[in-house]
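In what follows, a structure is listed as structure tokens, so that the remarks can point back to it.
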Amino acid sequence: MMTTLLTYALQAAAIGQIALAILNFALPTMLGWQGELAKLSRLPREVFHVHAWFISITVALFGVLTWRFAHDFATGSSDIGTWLATGIGIFWAIRLVIQWTYYSKSHWMEDRKRMAIHFFLTFVYGGWAAIYLLGGRLG
């Protein structure tokens with residue numbers, strides 16, 4: 001029963017990560033950053049875009065691999081699955097810590113919409129970290 005629930009939770013995380021990877025491409029438009037990015041000199045602007053692409057590729061790969069191997073992650077049936085689940089869990093745990101320690105509170109505390117997004121992402125990143133780390137622990 002626990003394995004089945006964890007498999008479904010991992011598949012849900014996979015879908016969420018694929019959606020996040022796609023959404024990441026629209027982030028500058030959604031947040032109205034086009035003007036700010038245009039002000040940057042060419043190198044920092046290009047570095048921003050390359051990093052955004054590779055973050056999306058990485059998160060999409062997490063999602064695709066998780067979708068394909070969710071049962072293996074949940075059962076701990078292979079060492080590589082256990083290590084990969086643990087690694088992805090650590091990735092999301094670090095992202096959760098950064099959510100609270102790196103960004104200035106002034107970016108979200110005074111705006112209800114941004115505060116809601118901040119707390120929603122806290123829940124999502126924390127949930128993904130827990131799901132993956134649980135999968136890694138079972139291995």
Side-chain angles (χ1 to χ4, degrees):
M1 177 70 166
M2 180 64 168
T3 301
T4 302
L5 289 174
L6 185 54
T7 299
Y8 288 144
L10 285 160
Q11 288 173 332
I15 292 167
Q17 288 170 106
I18 292 167
L20 179 62
I22 293 166
L23 186 67
N24 193 52
F25 290 115
L27 201 60
T29 302
M30 289 172 44
L31 297 176
W33 291 350
Q34 302 93 327
E36 294 295 320
L37 289 171
K39 291 177 190 176
L40 294 174
S41 63
R42 187 174 181 174
L43 180 60
R45 187 174 56 251
E46 289 175 351
V47 167
F48 172 85
H49 288 293
V50 168
H51 278 92
W53 273 89
F54 276 88
I55 289 167
S56 291
I57 291 167
T58 300
V59 173
L61 283 171
F62 287 173
V64 170
L65 289 169
T66 300
W67 183 264
R68 169 57 184 88
F69 297 105
H71 182 73
D72 297 314
F73 288 5
T75 61
S77 60
S78 70
D79 285 345
I80 194 166
T82 299
W83 279 86
L84 188 56
T86 301
I88 296 171
I90 291 169
F91 175 93
W92 288 115
I94 292 169
R95 182 59 183 88
L96 173 63
V97 170
I98 289 171
Q99 185 74 14
W100 283 92
T101 60
Y102 184 76
Y103 295 117
S104 171
K105 290 181 181 177
S106 67
H107 296 309
W108 56 270
M109 281 292 281
E110 296 151 11
D111 182 323
R112 287 185 185 266
K113 181 180 175 184
R114 286 186 178 180
M115 184 181 293
I117 292 168
H118 182 79
F119 281 99
F120 174 75
L121 292 175
T122 295
F123 174 77
V124 169
Y125 299 152
W128 288 348
I131 289 165
Y132 281 103
L133 291 171
L134 183 57
R137 183 191 64 78
L138 294 177

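The structure displayed is predicted, hence computed values, not measured ones.
By the 30° and 60° cut-offs, the orientation of the rings of Trp100 relative to His118 is perpendicular.
Both Ile131 and Leu121 are part of a single hydrophobic cluster, where members link through side-chain heavy atoms under 4.5 Å apart. In this structure, Phe25 is not a member of the same hydrophobic cluster as Leu37, with clusters built from ILVMFWY side-chain heavy atoms closer than 4.5 Å. The hydrophobic clustering, which links ILVMFWY residues whose side-chain heavy atoms are closer than 4.5 Å, places Leu65 and Ile57 apart. Connection of Tyr132 to Val124 is established within a shared hydrophobic cluster, with ILVMFWY side chains joined at heavy-atom distances below 4.5 Å, either directly or through further cluster members.
Across all their heavy atoms, Phe48 and Pro28 have their closest contact at CE2-CG, 3.9 Å. Between Gly135 and Leu6, the closest heavy-atom pair is CA-CD2, 3.7 Å. Across Gly63 and Ala14, no two heavy atoms sit closer than the pair O-CB, 3.2 Å. The shortest non-hydrogen separation linking Ser56 to Ala21 is OG-O, 3.1 Å. Nearest approach of Ala74 to Thr7, heavy atoms of both residues: CB-OG1, 3.3 Å. Taking every heavy atom of both residues into account, Asp72 and Arg68 meet most closely at OD2-NH1, 4.4 Å.
In this structure, the separation between CG on Leu61 and OG1 on Thr58 is 6.5 Å, given to the nearest 0.5 Å. Separating the OG1 atom in Thr122 from the CD atom in Gln99 is a distance of 4.5 Å, to the nearest 0.5 Å. In this structure, the separation between CE on Met115 and NZ on Lys113 is 14.5 Å, given to the nearest 0.5 Å. Taking OG1 of Thr75 as the reference point, atom NE2 of His71 lies at 4.5 Å (rounded to 0.5 Å).
When atom types are taken as modelled, the side chain of Asn24 and the backbone of Ala52 share a donor-acceptor pair closer than 3.5 angstrom. Listed for the Arg114 side chain is a donor-acceptor partner under 3.5 Å among the backbone atoms of His107.
Under a cut-off of 6.0 angstrom, the local environment of CG in Leu31 is crowded, with over 12 non-hydrogen atoms contributed by other residues, nucleotides or ligands.
Side-chain contact check for Leu27 versus Leu23: every heavy-atom pair is 4.5 Å or farther apart. Contact check for Val59 versus Trp92: side-chain heavy atoms found under the 4.5 Å cut-off. By the 4.5 Å heavy-atom criterion applied to side chains, Gln11 and Tyr8 are counted as neighbours. The closest side-chain heavy-atom distance from Phe69 to Ser78 is not below 4.5 Å. The closest side-chain heavy-atom distance from Phe73 to Thr66 is below 4.5 Å. Arg45 places none of its side-chain heavy atoms less than 4.5 Å from the side chain of Val50.
No donor-acceptor contact under 3.5 angstrom links the side chains of Trp67 and Gln17, judged on distance only.
Taking the centre of each ring, Phe62 and Phe91 come in below the 6.0 Å mark.
Using a 4.5 Å cut-off between side-chain heavy atoms of Ile, Leu, Val, Met, Phe, Trp and Tyr, Leu43 falls into a hydrophobic cluster with Val47.
Among Leu20, Ile88, Leu10, Leu133, the one residue that satisfies the side chain to side chain contact (heavy atoms under 4.5 Å, CB included) test with Trp128 is Leu20. A ring pair (Phe, Tyr, Trp, His ring centres under 6.0 Å) with Trp108 holds for exactly one of Tyr103, Phe120, Phe119; it is Phe119.
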